[in-house]
Amino acid sequence: MELGEANVKDVEGRDVRLGDLWRDRPVVLVFVRHYG
Amino acid sequence: MRPHAEEFANAGGKLAVIGNGWPAMAKSWAEHVGFPPSVAVLTDPARTAYDLAGLKRSVMLTLFNPRSIARFVRASIRGFRQGRTAGDLWQQGGALVIRPDGKVTYRSVSLGPGDHPRPAALVEALKRAA
């Protein structure tokens with residue numbers, strides 16, 4: 001699976017396909033270690 | 001990262017922050033941090049995206065990394081205190097810049113707590129990708 005095909009969730013629990021984030025413009029994806 | 005959030009939009013791109021807890025944890029954290037609406041706050045409970053991004057998960061890197069211990073000491077001296085955390089404690093972070101064609105033009109893989117790129121470096125990488 002490619003990164004762009006992965007599904008994550010928004011803060012309301014809705015599925016978000018990662019590739020949609022950079023479909024129109026470049027994106028900085030910051031992966032945090034944990035919340036807090 | 002939050003104080004720099006507008007810089008990413010001004011650089012022609014978007015900032016998305018991904019954690020690995022449940023959506024309610026992400027929502028609570030996002031409200032606490034106060035990200036502007038332009039920032040996408042997301043979560044990856046299964047850590048699938050973390051794995052696909054090539055990020056690391058390690059007890060050793062988290063607890064016994066000498067550089068991270070030194071960063072912890074420096075941060076403590078400056079008055080920073082780690083609050084309660086939510087998510088996978090052993091998961092390391094990282095950052096990618098990705099163009100609309102899917103090409104990854106910047107990658108930073110964290111090797112322990114406190115090992116993360118400067119926001120200015122991310123903004124510059126985004127400008128080059130835009």
Side-chain angles (χ1 to χ4, degrees), chain A, chain B residues 1 8 11-32 40-45 48-50 52-53 55 62 82-89 91-102 104-106 110 113 116-117 122-123 125-126 129-130:
Chain A
M1 180 191 288
E2 297 283 332
L3 180 62
E5 298 168 3
N7 278 318
V8 296
K9 305 242 179 232
D10 68 12
V11 297
E12 303 298 338
R14 296 174 293 227
D15 284 340
V16 175
R17 181 181 173 274
L18 269 183
D20 289 344
L21 295 175
W22 55 83
R23 187 173 50 199
D24 300 323
R25 52 185 170 160
V27 67
V28 176
L29 278 185
V30 174
F31 292 82
V32 298
R33 292 180 56 234
H34 48 67
Y35 299 118
Chain B
M1 197 62 67
F8 295 98
K14 180 181 182 73
L15 171 64
V17 183
I18 303 177
N20 55 69
W22 297 110
M25 297 174 184
K27 186 173 186 177
S28 174
W29 178 72
E31 289 171 353
H32 174 72
V41 178
L42 304 165
T43 193
D44 178 26
T48 304
Y50 281 79
L52 291 171
L55 305 183
T62 303
Q82 176 68 59
R84 289 187 64 184
T85 61
D88 187 323
L89 290 179
Q91 178 65 56
Q92 306 303 311
L96 306 175
V97 174
I98 307 174
R99 296 191 318 206
D101 64 4
V104 176
T105 60
Y106 176 95
S110 174
H116 45 72
L122 294 175
V123 171
L126 185 60

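Throughout, a chain's letter reflects where its sequence line sits, starting with A, and its residues are numbered from 1. Quick caveat, the model's predicted, so the values are computed rather than measured.
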Taking S110(B) for the side chain and H116(B) for the main chain, is one N or O donor matched with an acceptor at less than 3.5 Å?
no
Rounded to the nearest 0.5 Å, how far apart are CZ of R25(A) and CG of L126(B)?
9.5 Å
Checking D24(A) against chain B: side chain, backbone, both or neither under 4.5 Å from a heavy atom?
backbone
If one checks every heavy atom of E5(A) against chain B at 4.5 Å, the contacting part turns out to be neither
For the student: nearest non-hydrogen atoms of T43(B) and A26(B), plus distance:
CB-CB, 4.1 Å
Chain A heavy atoms under 4.5 Å from F8(B): which part of the residue, side chain, backbone, both or neither?
side chain
Heavy-atom pair of closest approach, residues T48(B) and M1(A)
CG2-SD, 4.3 Å
When only pairs under 4.5 Å are counted, which of V8(A), N7(A), V16(A), L29(A) shares the most heavy-atom pairs with chain B?
L29(A)
Contacting region of L18(A) [heavy-atom separation from chain B under 4.5 Å]
side chain
D15(A)/K9(A) salt bridge by N-O under 4.0 Å criterion:
yes
Can you tell me which portion of L55(B) sits under 4.5 Å from chain A's heavy atoms? Options are side chain, backbone, both or neither.
side chain
